[in-house]
Protein chains: 2
Amino acid sequence: MVRKPVAADQALRLDNQICFAVYSTAHAFNRVYKPLLDRLGLTYPQYLVMLTLWERDGVPVKDIGARLFLDSGTLTPLLKRLEAADLIKRTRSSEDERQVLIALTSKGHALHDKARSVPQSILAASDCTVGELLAMKDEIVALRDRLNAVLGE
Amino acid sequence: MVRKPVAADQALRLDNQICFAVYSTAHAFNRVYKPLLDRLGLTYPQYLVMLTLWERDGVPVKDIGARLFLDSGTLTPLLKRLEAADLIKRTRSSEDERQVLIALTSKGHALHDKARSVPQSILAASDCTVGELLAMKDEIVALRDRLNAVLGE
DNA sequence: TTAATATGTATTGCGCACAATCTAATTGCG
DNA sequence: CGCAATTAGATTGTGCGCAATACATATTAA
């Protein structure tokens with residue numbers, strides 16, 4: 001009879017895997033965000049892009065990608081949809097014709113006001129204190145950064 | 001001059017958002033998993049399905065969906081690809097013709113052995129102790145379950 | 001200045017994710 | 001029993017996410 005590696009099997013159990021915890025929580029967040037973002041006419045990844053632009057716009061696509069860990073294959077069509085919705089404007093940089101600079105339109109700026117109520121709704125849904133969430137966030141970000149560090153090697 | 005709600009703007013900052021921490025960590029995990037799962041011929045969601053089947057197979061699609069928080073729109077094509085790869089077999093239940101039961105093929109069972117080394121590689125990449133990861137996992141799962149509870153209302 | 005290389009974005013193809021809709025099978029209720 | 005309501009999967013359409021590739025611009029080296 002073949003001896004099975006019990007420890008390895010425990011590690012393969014779905015409920016023991018932090019990756020699945022993260023994966024399924026990301027989906028849960030997405031589902032909670034959906035009705036809130038529908039009112040803004042945004043998807044969740046589009047919302048993330050808008051968050052970066054509300055902090056600073058007139059930036060090249062690459063900067064947004066670096067901020068969100070996304071590449072041009074994802075961002076180019078997403079940004080075109082935001083442009084079609086008249087939330088942003090895409091213009092080639094005159095300094096470096098390779099770059100496309102992303103600027104908010106007045107409609108894009110205006111959406112910032114409507115978005116201010118979103119975090120409060122999410123906080124309520126999470127049923128946590130701000131302190132608890134921020135502590136968890138720091139732990140998760142630390143994990144993410146270690147994972148990304150391995151990728152960079 | 002219009003007074004801006006400073007607290008709300010802080011809440012909208014990307015780096016303060018736990019949802020983005022979770023979202024970006026899920027992507028980081030996916031990227032770390034990719035080379036490992038490529039060797040098994042699986043994508044990450046396919047790997048999750050196989051994890052559930054290695055625990056128990058011969059189950060209807062709905063059960064897998066309940067386990068992974070995925071619906072038939074996602075699972076049906078994914079399962080067809082696993083079937084095309086000869087890892088699973090899909091058969092209509094004779095008891096309830098509405099159900100499609102998912103069973104592992106011998107090749108699907110055999111893949112279990114090759115998969116046993118995966119968690120160790122992920123653990124190494126995360127650069128954490130098992131204890132730290134399990135503690136984080138429990139916190140994240142608790143958050144996920146609270147988010148899902150709100151959705152169920 | 002030209003040739004080689006690097007960089008920024010766009011495109012294509014594949015595989016999720018999910019809403020909405022559809023079909024078929026089952027259950028429940030009068 | 002008979003029909004409405006429910007349930008399980010499948011299908012369609014939209015939008016990521018990423019690998020691979022293409023292409024134009026920019027930089028560097030010879």
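FYI, side chains are in, hydrogens and waters are out, and symmetry mates aren't considered; it's all heavy atoms of this structure. Below, read A as the first sequence line, B as the second, and so on, with proteins coming before strands; counting in each chain starts at 1.
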| field | For A:Tyr33, all residues meeting side chain to side chain donor-acceptor pair (under 3.5 Å), sequence neighbours excluded | value |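 Side chain to side chain donor-acceptor pair (under 3.5 Å) list for A:Tyr33, sorted by chain: B:Gln17.
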| task | Using side chain to side chain donor-acceptor pair (under 3.5 Å) as the criterion, list what pairs up with B:Glu83, not counting sequence neighbours. | result |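 B:Glu83 satisfies side chain to side chain donor-acceptor pair (under 3.5 Å) with B:Arg90 once adjacent residues are dropped.
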| query | Starting at the 5' end of DNA chain C, which residue's closest nucleotide do you reach first, A:Ala28 or B:Glu97? | reply |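 Checking each residue's closest nucleotide, the 5'-ward one belongs to A:Ala28.
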Quickly work out the [X] [atom1] to [N] [atom2] distance and round it to whole Å.
X       : N      : atom1 : atom2 : value
A:Leu37 : D:dC16 : CG    : P     : 11 Å
A:Lys34 : D:dC16 : NZ    : P     : 11 Å
B:Glu95 : D:dT7  : CD    : C1'   : 16 Å

| request: Take nucleotides 4-17 of chain C nucleotide by nucleotide from the 5' end and write B, S or -, depending on whether a protein heavy atom sits under 4.0 Å from the base, only from the sugar-phosphate, or from neither. | output: ---BSSBB---SSB
| task | For this output row, return yes or no: ring centroids of B:Tyr23 and A:Tyr44 closer than 6.0 angstrom. | result |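 Ring centres of A:Tyr44 and B:Tyr23 closer than 6.0 Å.
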| If a stem is a run of at least 3 consecutive Watson-Crick or G-U pairs, both distances under 3.5 Å, which stems include DNA chain D? |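 C:1-30 with D:1-30 - these are the stems of 3 or more pairs that involve DNA chain D.
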Run the side-chain donor-acceptor check on residues 140-147 of chain A: report pairs under 3.5 Å with partners two or more places apart or on a different chain.
{"unit_1": "A:Arg144", "atom_1": "NH1", "unit_2": "B:Ser24", "atom_2": "OG", "d": "2.7"}
{"unit_1": "A:Arg146", "atom_1": "NE", "unit_2": "B:Ser126", "atom_2": "O", "d": "2.8"}

| query | With sequence neighbours excluded, what pairs up with A:Asp86 under the salt bridge (charged side-chain N to carboxylate O under 4.0 Å, His left out) test? | reply |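 If we apply the salt bridge (charged side-chain N to carboxylate O under 4.0 Å, His left out) test to A:Asp86, skipping adjacent residues, there are no hits.
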| message | So, using salt bridge (charged side-chain N to carboxylate O under 4.0 Å, His left out) as the criterion, who are the partners of A:Lys34 when residues are at least two apart? | response |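 Counting only residues at least two positions away or on another chain, A:Lys34 forms a salt bridge (charged side-chain N to carboxylate O under 4.0 Å, His left out) with A:Asp38.
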Using a 3.5 Å cut-off and no angle test, enumerate the donor-acceptor pairs between side-chain atoms of residues 72-82 of chain B and protein atoms at least two apart in sequence or in another chain.
{"unit_1": "B:Thr74", "atom_1": "OG1", "unit_2": "B:Asp71", "atom_2": "OD1", "d": "3.4"}
{"unit_1": "B:Thr76", "atom_1": "OG1", "unit_2": "B:Ser72", "atom_2": "O", "d": "3.0"}

Return a table of donor-acceptor pairs under 3.5 angstrom between the side chains of residues 59-67 of chain B and protein atoms on other chains or two or more places apart.
{"unit_1": "B:Arg67", "atom_1": "NH1", "unit_2": "B:Glu55", "atom_2": "OE1", "d": "3.3"}
{"unit_1": "B:Arg67", "atom_1": "NH2", "unit_2": "A:Asp15", "atom_2": "OD2", "d": "3.4"}
{"unit_1": "B:Arg67", "atom_1": "NH2", "unit_2": "B:Glu55", "atom_2": "OE1", "d": "3.2"}

